[in-house]
K.L.:
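My questions will all concern the structure given below.
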Number of protein chains: 2
Amino acid sequence: MTNIRKVAELADVSVATVSRTLKTPDIVSPETRDRVLAAVEKAGYRPNMMAVQFRSQRTRNLVVLVPTIANTFFARVIGGIQEAAQRRGYGILLCNTLGDERTERAYAGMVSTRQADGLIQLRAYDPFTTLNGQERPPMVNVCEVLDEAPCPTVKLDNRAAARAVTEHLLSLGHHRIGMIKGPRNSPLTRDRLLGFQDALAAAGLTPDKSLWCPGDFTPPSGHRAAGDLLARTDPPTAIFCENDEMAMGAMRRIKEAGLRVPEDISVAGFDDIAFASYCAPSLTTIAQPAEDFGHEAVSLLLDIIDDRDDAADQHRIMPFELVVRESTGLAV
Amino acid sequence: MTNIRKVAELADVSVATVSRTLKTPDIVSPETRDRVLAAVEKAGYRPNMMAVQFRSQRTRNLVVLVPTIANTFFARVIGGIQEAAQRRGYGILLCNTLGDERTERAYAGMVSTRQADGLIQLRAYDPFTTLNGQERPPMVNVCEVLDEAPCPTVKLDNRAAARAVTEHLLSLGHHRIGMIKGPRNSPLTRDRLLGFQDALAAAGLTPDKSLWCPGDFTPPSGHRAAGDLLARTDPPTAIFCENDEMAMGAMRRIKEAGLRVPEDISVAGFDDIAFASYCAPSLTTIAQPAEDFGHEAVSLLLDIIDDRDDAADQHRIMPFELVVRESTGLAV
DNA sequence: CAATGTAATGTAACCGGTTACATAAACACA
DNA sequence: TGTGTTTATGTAACCGGTTACATTACATTG
């Protein structure tokens, strides 16, 4: 391994001069600089970043905890995180947690032990709770956000967005609307459910909780839930799914039952994943600026890491847009 | 920051004893061990991993270069990589390269500069070509693999799989089969095209190259290509798409033209992504053990890193399976 | 000319662990 | 009791950069 001392020897200067030539070339005389650069070239020298990081106590890595990378929406958010991080000279250490808190804490430990400078969590869980006494490592909570987050957050106004979807369905004449929810205990699911109820209440309707089905954000769970709704003697005329993956599963199930979307039953999703506009019928949904979630998260996290004063208590709400496509139509 | 010296002071022992207590407790006397562990606890000591890594010249990180994380198949492969890496005590540094060679080389540099111990490349490009003289850093090439790869590889027998799909279409009576290809210059696309031709040749048919359309593995490109095929005076009776994303785009376009799948035209994909069984009609495709690609890649890479002798020239072929669903039917 | 300033470079401490080697104490055996 | 062996612990070098401080040479100024 060629190191800075070998280069120094080759150029017949001290290691300090080599270091300066590479980091602050302007304080080195032109002749020396040329000599050192030639030696660097000749030796094929690349600074050992572990030494640099160790010395500076900065890794320029960020840990990203994602419940499941297989979810198309999260994949977009990660893309945004990666892009923003790369632009600012940071790398990302990805962890597909599958919602397992032990795994999350283990990866969060990489920040405590200085393998990374900060953490972005895409789920409503604080992996640093156990930490007592010690200072909180830099963290940002994005997408699915804790209610009393001990760190900056970036989220959608899920309640308002769910209300917008529901109002759209109501405006089409739907009164019995089924709901396929996300995992219980998720603030995100709770907020979307609240928005759904807000809209019903505003329309003077009382919600029928028997039309609420549990799901887990995967297509199979949407498929199953839709089956339950269709098996009723009084099936709903529309189904609001808390994400597009479940909506696609639900649409599949509806067609298997010999019914048409939206003629017999309307379906709405949430997230506007790439397939939402390419499935048949295309899906009415809520578009979210997924990549921007990532950009914001990185920006806030680096603010904390570089401790810019105002960073600690920022809470960003990202804009949404109701995208009406073919899967929702007038109630029968 | 509490470090090993503080703990040593607290326990009234040397730093060596603290280190030994944590790494090789059996060579420390029970009394001392207890005293040290108490001090560790009291100080809330966590070893600084940067120092450990620096000392051992091992980061236990692996760089993963993925053309686009938004591709559902790659997302599964990454999931597999992450799982296997985690099990073996390694973290993964993800880079969404978007196929940009500069970005790939930049991230590959993290291995040369010791920020990571090895690299997994999911695209047919060797980011270490420029490297002259120096030893090749540990690397494995997975999924889309270089023909003369300078490292172990893991891939599908794309030619045989494409042939299987084509034979399936031929067996249904299709003679004019459109092809929606992946990016030019990709060995993967070339092999799938070869398999396609193999099947035609075996059936005594001469391929009509005007039925081959370029695509880029995204739904919009499949949508566009299908439009081109349908606009012909003699459109094909079946379309073979080189991945499921494009197949979904193509099916969408076919329906927009007022045609039915598979009654009017059959469509086959490749990869068997989650949505393949949930779209309507469900998609005939090639199933690949995506997660296993990741597992194999990690296993081979760690073999090189720990330089186990036989590791350097391993080339694994993963199994495929033709999954016949609703999107392919008898030719009209 | 002496005093002072400035530019270029060198010396060595430092980051926080790990570990080879040294040392000391306890024990075994003749 | 003396010698050799084992066990437990300490000392300090080391990994490869960065940088405060020291040093040297030379220019500027009164």
Side-chain angles (χ1 to χ4, degrees), chain A residues 1-40 43-61 89 109-117 134, chain B residues 1-40 43-61 89 109-117 134:
Chain A
M1 202 56 209
T2 81
N3 57 25
I4 200 170
R5 280 159 238 274
K6 292 237 184 64
V7 174
E9 205 174 331
L10 253 169
D12 196 30
V13 294
S14 71
V15 293
T17 301
V18 176
S19 181
R20 283 191 278 253
T21 304
L22 297 173
K23 294 209 32 160
T24 48
D26 41 311
I27 66 163
V28 177
S29 79
E31 308 85 62
T32 312
R33 200 189 310 161
D34 292 346
R35 201 144 38 86
V36 171
L37 290 176
V40 165
Y45 172 67
R46 308 276 307 263
N48 182 326
M49 291 311 287
M50 301 178 66
V52 176
Q53 293 173 357
F54 172 48
R55 181 64 233 230
S56 65
Q57 295 291 356
R58 278 284 188 91
T59 58
R60 300 203 140 244
N61 288 332
M110 296 178 81
V111 184
S112 307
T113 61
R114 313 314 204 108
Q115 279 192 86
D117 300 340
Q134 280 129 115
Chain B
M1 203 56 210
T2 81
N3 58 25
I4 200 171
R5 280 157 237 274
K6 292 238 184 64
V7 175
E9 205 173 332
L10 253 169
D12 196 30
V13 294
S14 71
V15 293
T17 301
V18 177
S19 181
R20 283 192 279 254
T21 304
L22 298 174
K23 294 211 29 161
T24 49
D26 40 310
I27 66 162
V28 176
S29 79
E31 309 85 61
T32 312
R33 200 188 309 160
D34 292 348
R35 202 144 38 86
V36 171
L37 291 176
V40 165
Y45 171 66
R46 307 277 307 265
N48 182 327
M49 291 311 288
M50 301 178 66
V52 175
Q53 293 173 357
F54 172 49
R55 180 63 231 229
S56 65
Q57 295 291 355
R58 278 284 188 91
T59 58
R60 300 204 140 245
N61 287 332
M110 296 177 82
V111 184
S112 307
T113 60
R114 315 308 199 117
Q115 279 191 88
D117 300 340
Q134 280 127 117

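Residue numbering restarts at 1 for every chain, and letters A, B, ... go by the order of the sequence lines.
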K.L.:
Expressed as a whole number of angstroms, how long is the span from Arg46(A):CZ to dG16(D):P?
P.N.:
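So the two atoms are 16 Å apart, to the nearest Å.
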
K.L.:
Where is the tightest heavy-atom contact between Ile27(B) and Arg20(B), given as atom of each residue plus distance?
P.N.:
CD1-CD, 3.3 Å

K.L.:
Taking the side chain from Arg33(A) and the backbone from Val28(A), do they hold a donor-acceptor pair closer than 3.5 Å?
P.N.:
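Side chain of Arg33(A) to backbone of Val28(A): a pair is present.
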
K.L.:
Is Asn3(B) reaching over with its side chain to a backbone N or O of Lys6(B), donor-acceptor style, under 3.5 angstrom?
P.N.:
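It does hold such a pair.
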
K.L.:
Over all strands shown, is Val18(A) touching base, sugar-phosphate only, or nothing at heavy-atom distances under 4.0 angstrom?
P.N.:
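Nothing, no heavy atom under 4.0 Å.
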
K.L.:
Where the side chain of Thr113(A) meets the backbone of Gly109(A), is there a donor-acceptor pair that is under 3.5 Å apart?
P.N.:
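The answer is yes, because a donor-acceptor pair under 3.5 Å joins these two groups.
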
K.L.:
Base, sugar-phosphate alone, or nothing: which one does Gln57(A) contact when heavy atoms must sit under 4.0 Å apart?
P.N.:
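Counting heavy atoms under 4.0 Å across all strands, the contact made by Gln57(A) is with sugar-phosphate only.
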
K.L.:
Within the modelled atom types, does a donor on one side and an acceptor on the other bring the side chain of Arg114(B) and the base of dG17(D) under 3.5 Å apart?
P.N.:
no

K.L.:
What is the nucleic acid contact for Val13(B), judged by heavy atoms within less than 4.0 Å: base, sugar-phosphate only, or nothing?
P.N.:
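Sugar-phosphate, no base atom in range.
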
K.L.:
Between Arg55(B) (CZ) and dC14(D) (C1'), how many Å, whole number?
P.N.:
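Answer to the nearest Å: 5 Å.
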
K.L.:
Heavy atoms under 4.0 Å, any strand shown: does Ser29(A) hit a base, just sugar-phosphate, or nothing?
P.N.:
sugar-phosphate

K.L.:
Looking only at side-chain N and O atoms, does Ser19(A) come under 4.0 Å of OP1 or OP2 in dT18(D)?
P.N.:
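Result: yes.
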
K.L.:
Report the distance from atom CZ of Arg20(B) to atom C1' of dC21(C), rounded to the nearest whole Å.
P.N.:
11 Å

K.L.:
Could you check Val28(B) against Phe54(B) and say which one's nearest nucleotide on DNA chain D is further toward the 5' end?
P.N.:
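Result: Val28(B).
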
K.L.:
Is a side-chain donor or acceptor of Ser56(A) paired with a backbone partner of Val52(A) at a separation under 3.5 angstrom?
P.N.:
yes

K.L.:
Using only modelled atom types and a 3.5 angstrom limit, is any donor from either the side chain of Arg5(B) or the base of dG17(C) paired with an acceptor on the other?
P.N.:
yes

K.L.:
Of the options dG16(C), dT19(C), dC14(C), whose atoms approach the side-chain atoms of Asn3(B) most closely?
P.N.:
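Of the candidates, dG16(C) comes closest.
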
K.L.:
Measure the distance from CG on Asp12(A) to P on dA8(C) and round it to the nearest whole Å.
P.N.:
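Taking CG of Asp12(A) and P of dA8(C), I get 18 Å after rounding.
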
K.L.:
Side chain of Ile4(B): nearest nucleotide among dG10(D), dT18(C), dG16(D)?
P.N.:
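Nearest nucleotide to the side chain: dT18(C).
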
K.L.:
What is the distance, rounded to the nearest whole Å, between atom CG of Asp34(A) and atom C1' of dA8(C)?
P.N.:
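Spelled out: CG on Asp34(A) to C1' on dA8(C) is 15 Å.
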
K.L.:
Counting side-chain heavy atoms from C-beta on, which of dG17(C), dT9(C), dG17(D) comes nearest to Thr32(A)?
P.N.:
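Nearest to the side chain of Thr32(A) among the choices is dT9(C).
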
K.L.:
Ignoring backbone atoms, establish whether Ser56(B) has a side-chain N or O less than 4.0 Å from OP1 or OP2 of dC15(D).
P.N.:
no

K.L.:
Please tell me which of Tyr45(A) and Val15(B) maps to the more 5' nucleotide of DNA chain D, matching each residue to the nucleotide holding its nearest heavy atom.
P.N.:
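By nearest-heavy-atom nucleotide position, the 5'-most residue is Val15(B).
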
K.L.:
Using whole Å, what does the distance between atom P of nucleotide dG10(C) and atom CD of Glu9(A) come to?
P.N.:
13 Å

K.L.:
For the side chain of Ala16(A), starting at C-beta, report the closest nucleotide among dG10(D), dT18(D), dG10(C).
P.N.:
dG10(C)

K.L.:
Taking atom CD of Glu9(A) as the centre, does the number of heavy atoms from other residues, nucleotides or ligands within less than 6.0 Å exceed 12?
P.N.:
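Result for CD/Glu9(A): open.
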
K.L.:
Rounding to an integer number of Å, can you tell me how far Arg33(B) CZ sits from dT9(D) P?
P.N.:
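Rounded to whole Å, this separation is 10 Å.
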
K.L.:
Could you state the atom-to-atom distance from CE of Met50(A) to P of dT18(C) in whole Å?
P.N.:
12 Å

